[in-house]
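Written out below as structure tokens is the structure these notes cover.
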Amino acid sequence: MSIQPSESILIVDFGSQVTQLIARRVREAGVYSEIAPFTQAEAAFHRMKPKGIILSGSPASVPADGSPRAPQVLFDSGLPILGICYGQQVMSHQLGGKVEPGDSGEFGRAFLTVTEPCVLFDGLWKEGERHQVWMSHGDKVTQFAPGFRIVAVSDGAPFAVIANDEKKYYGTQFHPEVVHTPDGGKLIANFVRHVCGCTGDWTMAEFRKTKIAEIREQVGSSRVICGLSGGVDSAVAAVLIHEAIGDQLTCVFVDHGLMRMGEAEQVVSLFRNHYNIPLVHKDVSALFLGGLAGVTDPEAKRKFIGKTFIDVFEAEAKQVGGADFLAQGTLYPDVIESVSFTGGPSVTIKSHHNVGGLPERMNMKLVEPLRELFKDEVRALGRELGLPEIFVGRHPFPGPGLAIRIPGEVTRERCDILRKADAIYLEEIRNAGLYDAIWQAFAVLLPVKTVGVMGDFRTYDSVCALRAVTSTDGMTADIYPFDAGFLSRVATRIVNEVKGINRVVYDYTSKPPGTIEWE
Ligand SMILES: Nc1ncnc2c1ncn2[C@@H]1O[C@H](COP(=O)(O)OP(=O)(O)OP(=O)(O)O)[C@@H](O)[C@H]1O
Ligand SMILES: O=c1[nH]c(=O)c2[nH+]cn([C@@H]3O[C@H](COP(=O)(O)O)[C@@H](O)[C@H]3O)c2[nH]1
Ligand SMILES: NC(=O)CC[C@H](N)C(=O)O
Ligand SMILES: [Mg+2]
């Protein structure tokens, strides 16, 4: 039996990079939702018995041969449907309208004009008003299906919003789920509440209850090992799983020698002081650093680290008398960048060690209760579970640790150099009271040597880059605009105090086009 909340929305995924944001907006409207790839939407529909359906965007093109379609059963169900971008196009096509490739697309910010009242605009938009939305399309609907009317237009899309009130079908050419459509969350809430009639009683407390029941159902009476890093995701996962299965759980902290200064001791004592959950501290730095010798390619590093993590977990599973399950604090951004969530056509950016870096053959099954969440939602769940701020407010730290902050070969010596520089940088950030204003900050040790002069001597040492970003979910990020005084104070301290570094630079690249980590 799976856990079924009283009301839910089915999101049909056609492979858009932002499908998860639809789920997120639905959750923000207080309603449970599940994403199903279009190939599995029919089964999900029968299982979930949703109150409404949302069709996502897609990189595919409706007029192209073989492009995906929504299962007919969804249209036969009599349920309300909201089609977003490709979703609008495919719905129009399947109901008898027409979609054509446009001469020019609309990408990024656009403005629409409201032409008629519509339930989606309740309490929000009125006729004649212009509103900012975010578009990303080349194709467009050129003839809508019978029963529809146009309720908003934009320059590039005469069918910016269409409505069939009798059937409760709605379509937007723009993406209401992204933050660049400022009223988008409210539009989705109007669909979910006013059109589908959901009451909106879904909360983090509900999520907690559902996940606990799911974990119990999945795990049964087996033992579970949980990879605990000290980061917020695994701390939340561990506490949640412990609430579900109590002493069937053992946490394992893998000390791979790639942690920051003093971090291993800190994590272990912090966790042991706060929780009565068995925690094994595994010092395997020789194994990791030995295996990384001579490896310079970023993906090769990630794959080696992902596999070695699993080797360590599997060995530990035997130690606790045989654990069938491995729990990890995997989040949605780890998933979308590593592999396509639905097996659809989104692209691999980097193999996060806990997803794309996993070996192909694994003996243990995964328990990943946070897999659909974004970082800020995990923090909210952590607070719901009563985790202390010291866990909840921590900056993220990637599983592969310093290995992906040392482009080129990773050696113990270079890790030591980087640890010192990173500690100074973070100490200065804390002293300046900036830690909580920054989403993530760290130093990177570059494989580049430059010439300097210190005390009248020539130096020839490495360059250190500093990175600090603001973000809400790690999917996009902006640089933190330190003042020049702060940066020069940090640079001076690093060059003076860390042997091996004679130059410091600041990374001014947002994500995209950069990523947060350098590898
Ligand atoms: N050193 C480690 N020992 C054991 N497990 C780890 C370690 N590093 C990462 N993991 C596992 O990999 C998962 C993903 O790592 P990730 O860094 O994304 O999450 P986190 O460390 O829990 O939180 P944060 O993102 O805030 O650092 C973790 O949730 C944890 O299960
Ligand atoms: O656990 C992790 N395993 C990984 O392999 C990994 N790679 C990146 N990150 C973290 O993810 C967020 C986004 O990072 P990127 O912009 O570099 O992809 C940032 O917070 C990164 O620190 C990782 N976390
Ligand atoms: N974002 C989308 O869903 C785009 C749909 C389709 N690929 C187009 O270009 O119009
Ligand atoms: Mg981490």
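Counting starts at 1 for both ligands and their atoms, following the listed order.
Between F191 and Y170, the two ring planes are perpendicular [angle over 60°; tilted spans 30° to 60°]. Ring planes of Y169 and F148: parallel class, angle under 30° (limits at 30 and 60°). Classified by interplanar angle (parallel below 30°, tilted 30° to 60°, perpendicular above 60°), the ring pair Y435/H395 is parallel.
Looking at every heavy atom in both residues, G386 comes nearest to Y275 through O-OH, 4.3 Å. For the pair G474 and S471, the tightest heavy-atom approach, listed with the atom from each and the gap, is N-OG, 2.8 Å.
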The test is side chain to side chain donor-acceptor pair (under 3.5 Å); show your working for S61 and D139 and say whether it passes. CA-CA 7 Å; S61 173; D139 307 342; 2.6 Å; yes

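Among the atoms of Q173, none of the N or O lies under 3.5 angstrom from an N or O of ligand 3. Between M259 and ligand 1, not a single N/O pair is under 3.5 Å apart. In terms of polar-atom proximity, S58 is counted as a contact of ligand 3, with an N or O under 3.5 Å from an N or O of the ligand. Not one N or O of I84 is nearer than 3.5 Å to an N or O of ligand 3, by distance alone.
Taking every non-hydrogen atom of G329 and a distance limit under 4.0 Å, the qualifying atoms of ligand 1 come out as 28 (C), 29 (O), 31 (O). Within the listing of ligand 3, atoms 8 (C), 9 (O), 10 (O) sit less than 4.0 angstrom from a heavy atom of H137. Heavy-atom contacts of F397 reach the following atoms of ligand 1: 17 (O), 21 (O), 24 (P), 27 (O) (cutoff under 4.0 Å). Atom numbering of ligand 3 starts at 1 in the shown order; those under 4.0 Å from a heavy atom of S136 are 1 (N), 2 (C), 4 (C). Against a heavy-atom cut-off of under 4.0 Å, S229 is close to the following atoms of ligand 1: 2 (C), 6 (C), 7 (C), 8 (N), 9 (C), 10 (N), 20 (P), 21 (O), 22 (O). Atoms of ligand 1 lying under 4.0 Å from at least one heavy atom of Q328, given by number and element, are 31 (O). Under a 4.0 Å criterion applied to the non-hydrogen atoms of G399, ligand 1 contributes the atoms 8 (N), 9 (C), 17 (O). Within the listing of ligand 3, atoms 5 (C), 6 (C), 10 (O) sit less than 4.0 angstrom from a heavy atom of Q89. Below 4.0 Å from some heavy atom of P59 lie the following atoms of ligand 3, by number and element: 7 (N).
Residue K140 does not touch ligand 3, judged by heavy-atom distances below 4.0 Å. With a heavy-atom cut-off of 4.0 Å, V252 touches ligand 1 through its backbone alone. Contact annotation for S56 and ligand 3: no heavy atom of the residue comes within less than 4.0 Å of the ligand. Heavy atoms of F313 found under 4.0 angstrom from ligand 1 belong exclusively to the side chain.
For atom 19 (O) of ligand 1, the nearest protein heavy atom (residue, atom name, distance) is D233 OD2, 3.1 Å. Considering only non-hydrogen protein atoms, atom 12 (O) of ligand 1 sits nearest to H353 NE2, 3.0 Å. Regarding atom 3 (N) of ligand 1, its nearest protein heavy-atom neighbour is V254 N, 2.9 Å. What sits closest to atom 10 (O) of ligand 3 on the protein, heavy atoms only, is D139 N, 2.9 Å. Residue, atom and distance of the protein heavy atom nearest to atom 2 (C) of ligand 1 are F309 CE2, 3.5 Å. Protein heavy atom at the shortest distance from atom 7 (N) of ligand 3 is A60 O, 2.6 Å. Closest to atom 22 (O) of ligand 1 among all protein heavy atoms lies S234 N, 2.6 Å. Nearest to atom 14 (C) of ligand 1 among the protein's heavy atoms is N354 ND2, 3.2 Å. The single protein non-hydrogen atom nearest to atom 31 (O) of ligand 1 is G227 O, 2.7 Å, given as residue, atom name and distance. When only non-hydrogen protein atoms are considered, atom 24 (P) of ligand 1 lies nearest to K375 NZ, 3.3 Å.
Remark: D416 engages R419 in a salt bridge, criterion side-chain N to carboxylate O under 4.0 Å. By the 4.0 Å N-to-carboxylate-O rule, R24 lies too far from E372 to be salt-bridged with it.
In this structure, D255 contributes its side chain and D283 its backbone to no donor-acceptor pair below 3.5 Å. Under the 3.5 Å distance criterion, the side-chain polar atoms of R260 are left unmatched by any main-chain donor or acceptor of L418.
Annotation for N273: atom CG counts as buried by contact number, over 12 foreign heavy atoms lying within 6.0 Å.
For the Mg ion (ligand 4), the set of nearby N, O or S atoms under 2.8 Å includes none belonging to G231.
With distances taken over non-hydrogen atoms, the option nearest atom 2 (C) of ligand 3 out of C85, G138, S16, G57 is C85.
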